[in-house]
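Scroll down for the structure; my scribbles are underneath it.
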Amino acid sequence: MKIHQYIQQSLLDAIKKSKFSTEDLPEIQIGPGKQKQHGDLSTNIAILLASKEKKHPQDVARVIVHHLNLDESKISQINVAGPGFINFTFHLDYVRGAVNEIIELGDRYGRDDWGNGKKTQVEFVSANPTGPLTIGHGRQAVLGDTIARLLEATHHEVTREYYFNDAGRQMRILGDSVRLRACELSGDKIEFPDDYYQGEYIRNIARQAIKEKKSQYARSEKHIPYFQSLAERVIFDDIKQTLSRLGIAFDVYYNEKSLYETGRVKRVIQELREKNLAYNRDGAVWFRTTHFGQEQDRVIVKSSGEPTYRLPDIAYHKDKMERGFDLVIDIFGADHIATYPDVLAGLEALGYDSSRVKVLIHQFVTLSEGKEKIKMSTRKANFVTLDELMDEVGVDATRYFFLNRSMSTHLNFDLSLAKTQSEENPVYYVQYAHARICSILRYGQQQGIDTESKTDLSLLKAPEEIDLMKTLMMFPDVVASAAREFEPHRIPTYLEEVATVYHRFQHAGKKDDTLRVVTEDVPLTLDRLALCRATRIVLANGLTLMGISKPEKM
RNA sequence: GCGCCCGUAGCUCAAUUGGAUAGAGCGCAGGCCUCCGGAGCCUGAGGUUUUGGGUUCGAUUCCCAACGGGCGUACCA
């Protein structure tokens, strides 16, 4: 049993013995406090109970503590503090045991089973192949991949999926953009419309087209499909290469077109009609979204006969349900915030439990140049590509850049600032700690020490050592909460803390010889090196979760 | 106009989901290498958490209003 549950259970028993009412008792929350002096874990249950019992919180706390029966080899100290908190301090032997467990588990430390093999799909990026991936897509790509990694670490069976549409109007414009550039390159005078794709990459594709076909070929609009499919192929290859550079591989690329070809789109309309949730008006087909609490009904088939985006989206999500995913995670940018309720309503309408779908919305990345804000647009070629960013700052810093802030923050991106800050990127701080530990382990070996030997860590008692041990113990909870709440940024926040506490621990030996890691005192040296190994494991496992390398030298 | 998201140190961001004295990095001012990595450590300055109300033992967190920014608000995706 985990220590949290153990204390929780004991508290419950104590409350019962104290004869306080356990009727609609709030859940006993237990967690680490912000301050060291408040112990390792604390609970506010006495404060909550006091208002119901109309007694002083401190008195309630004292009565609970009086009836509390905890194993002293785990919890060495219990006290009541402040406005009625009950604080618990771990017994050092318990802490040492936990650190030894880290070493035994190695790269399995931090993993958990609670996902129970749940079949999970994470859909992200899903950019249509109209241009290179930008830093906007980068945020989503890195978030999605890391959420997938977190879920894998907590025993979910994860499918990474990329949804795209290569048949829409935008793709036709893309094809025609290439065709026009090909004409231009062949010396024709052309008018290039404003709403066509302006990027330089279009010319590159046009050059390739000219190599493959005679220049005459571009003059006919009949040949747009050729230019379109060439563009799609070239751009998709580029996208996949960018993703692979970032360490991201999708299991499934799902083409919207197939939803029509297999009749899935049609079937959705039929089913909605059968349930009287779709009807005709003004030549269009409407979905009765008001039935699901929305303000107005929505068109799913235009009077022109073309479906709106909602219909294939619903069909796609129905297909996700049919494929048996227990949990479906959709990661969208803020621009999709208004569309997903329609999709969820669609699933409800078709008889599915839409709570299986978890929609995560991340805020946009805005580009700025000096004080000027630029609206990113693939069509207008106002963007910084993900490749450019990786060229400038490297893959690790790129991933870290997107991961160390929460999804809900607006991200203002200034490339020149990113360049100057790349050397100050906190990723190096964390990686440096890892490299430094590898170095001291090598040093230990050079001194003829068997750095792998087993110890009981009983000689570790300096404040720096205790802090470090206790910090390392928190990793599994950090991973679990990051996975449960879909908040990857908790990992880097925590790793920076680990690095700080580690640096402090190793640095202590510079001021005070008795705190050096490798000394003449062999048993003590072994204990300290074991602590180094445990720290390295936590940093390495955390970095792996983020898809970031863990250098042994820098 | 209406809806959703956001507003925390000069800058970029945290804050264990309602907890105790709001914390880091960068930048700024100082200090620390004969010796395990100075890509490091320590000290300091810097805040009315945009503003004003409310809820309660307790609010950066929840509610209301205002201000500022982002995104939507289509028979575009």
Side-chain angles (χ1 to χ4, degrees), chain A residues 29 31-35 37-38 42-44 47-48 50-51 56-57 81-85 87 126 128 165 168-170 256 281-286 295-296 298-310 312-313 333-339 341 361-364 366 373 375 401 404-412 414 417-418 420-421 423-426 428-429 431-433 435-444 446-447 474 477-478 481 485 487 489-490 492-494 496-497 499-500 502-511 513 516-519 525 528-529 532 553-554:
Chain A
Q29 292 200 4
K34 279 182 187 169
Q35 259 148 316
Q37 46 182 316
H38 296 143
S42 66
T43 180
N44 63 352
I47 305 174
L48 299 177
S51 63
H56 289 294
F85 292 103
N87 297 330
S126 295
N128 286 339
N165 176 21
R169 203 180 95 240
Q170 289 305 318
E256 181 183 320
R281 197 218 297 165
D282 305 332
V285 182
W286 296 69
E295 300 225 332
Q296 52 179 311
R298 300 289 184 179
V299 170
I300 48 176
V301 181
K302 301 185 229 173
S303 48
S304 66
E306 283 174 294
T308 66
Y309 62 89
R310 291 183 188 92
D313 275 5
D335 55 341
H336 280 66
I337 195 136
T339 75
I361 302 282
H362 66 87
Q363 292 305 310
F364 271 0
T366 49
K373 283 203 171 164
K375 193 157 155 64
F401 179 81
N404 74 346
R405 43 199 106 210
S406 67
M407 285 188 224
S408 60
T409 59
H410 298 275
L411 202 167
N412 191 344
D414 185 331
L417 196 67
T420 59
Q421 284 185 346
E423 285 159 37
E424 308 294 350
N425 191 306
Y428 299 114
Y429 181 77
Q431 288 182 318
Y432 177 68
R436 199 178 181 194
I437 295 170
C438 292
S439 167
I440 201 169
L441 291 172
R442 285 191 298 267
Y443 176 82
Q446 281 160 24
Q447 304 303 306
M474 293 164 63
D477 286 340
V478 174
S481 72
E485 310 291 332
E487 292 194 341
H489 76 273
R490 293 180 189 215
T493 302
Y494 167 76
E496 285 172 41
E497 166 79 10
T500 297
Y502 178 78
H503 282 310
R504 215 175 276 155
F505 155 75
Q506 186 169 342
H507 187 84
K510 287 196 156 198
K511 279 272 164 54
D513 278 352
R516 286 171 65 80
V517 176
V518 179
T519 62
T525 298
R528 289 194 173 142
L529 284 174
C532 291
K553 286 178 184 174
M554 283 173 75

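All chains are named by letter (A, B, ...) in the order of the sequence lines, taking the proteins before the strands, and each is independently numbered beginning at 1.
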Starting at CG of A/Asp282 and ending at P of B/rC75, how long is that distance when rounded to a whole Å? 11 Å

Could you check how far OH of A/Tyr443 sits from C1' of B/rG37, rounded to whole Å? 12 Å

Once you apply a heavy-atom cut-off of 4.0 Å, does A/Ser481 come out as touching a base, just sugar-phosphate, or nothing? nothing

Please confirm whether any donor atom in the side chain of A/Asn404 sits under 3.5 Å from an acceptor in the base of B/rA24, or the reverse. no

What's A/Ser42 touching, base or sugar-phosphate or nothing? Going by heavy atoms closer than 4.0 Å. base

Return the 5'-most residue of the pair A/Gly283, A/Ser408 with respect to RNA chain B, ranking by each residue's nearest nucleotide. A/Ser408

How far does the C1' atom of B/rC71 sit from the matching atom of B/rC76, given to the nearest Å? 16 Å

Using a 4.0 Å heavy-atom cut-off across all strands, classify A/Arg405 as base, sugar-phosphate, or nothing. sugar-phosphate

Of the options B/rG37, B/rA77, B/rA20, whose atoms approach the side-chain atoms of A/Ile440 most closely? B/rG37

Aromatic stack A/Phe364/B/rG70: centroid gap under 5.5 Å, interplanar angle under 30°: no

Say you pick atom C1' in B/rC64 and the same atom in B/rU73; how far apart are they, in whole Å? 24 Å

To the nearest Å, how far apart are A/Tyr494 OH and B/rC13 P? 24 Å

When you measure only distances, ignoring hydrogens and angles, does the side chain of A/Ser303 come within 3.5 Å of the base of B/rC75 through a donor and an acceptor? yes

Within the structure, does a side-chain N or O atom of A/Tyr502 lie under 4.0 Å from either OP1 or OP2 of B/rC36? no

Let's see if you can work this out: which of B/rU60, B/rC13, B/rC75 has an atom nearest to the side-chain heavy atoms of A/Lys34? B/rU60

P atom, B/rG46 versus B/rG10: distance in rounded Å? 11 Å

Quick one: label A/Glu487 by what it contacts on the DNA or RNA (base, sugar-phosphate, nothing), any heavy atom closer than 4.0 Å. base

Ring-on-base stacking between A/His507 and B/rG40, under 5.5 Å between centres and under 30° between planes: is it there? no

Pick base, sugar-phosphate or nothing for A/Gly31, based on heavy-atom distances below 4.0 Å to the nucleic acid. nothing

A/Asn44 (side chain) and B/rG19 (base): donor-acceptor pair under 3.5 Å: yes

Distance between the P atoms of B/rC57 and B/rG1, in whole angstroms? 38 Å

Counting distance alone, no hydrogens or angles: does the base of B/rG70 have a donor or acceptor under 3.5 Å from a partner atom on the side chain of A/His410? no

Would you classify A/Pro32 as touching base, sugar-phosphate or nothing, given that sugar-phosphate means primed atoms plus P, OP1 and OP2, and contacts are heavy atoms under 4.0 Å? base

Which value, in whole Å, describes the distance between the P atoms of nucleotides B/rC75 and B/rG58? 49 Å

Hey, does A/Ile437 reach any base, or is it just sugar-phosphate, or nothing, if we go heavy atoms under 4.0 Å? nothing

Name the nucleic acid region contacted by A/Thr519, choosing base, sugar-phosphate or nothing; use a 4.0 angstrom heavy-atom cut-off, strictly under. nothing

According to the Watson-Crick and G-U wobble definitions, with both distances under 3.5 Å, which nucleotide is paired to B/rC2? B/rG72

Taking atom C1' in both B/rA14 and B/rA22, compute the distance separating them and give it to the nearest angstrom. 10 Å

So which one's nearest nucleotide on RNA chain B is more toward 5', A/Pro83 or A/Asn128? A/Pro83

Which part of the nucleic acid does A/Glu497 contact within heavy-atom distance under 4.0 Å: base, sugar-phosphate only, or nothing? nothing

Does A/Thr493 get its side chain close enough to the base of B/rA24, under 3.5 Å, for a donor-acceptor pair? no

Looking at A/His503, I'd like to know whether one of its side-chain N or O atoms comes within less than 4.0 Å of OP1 or OP2 on B/rG37. no

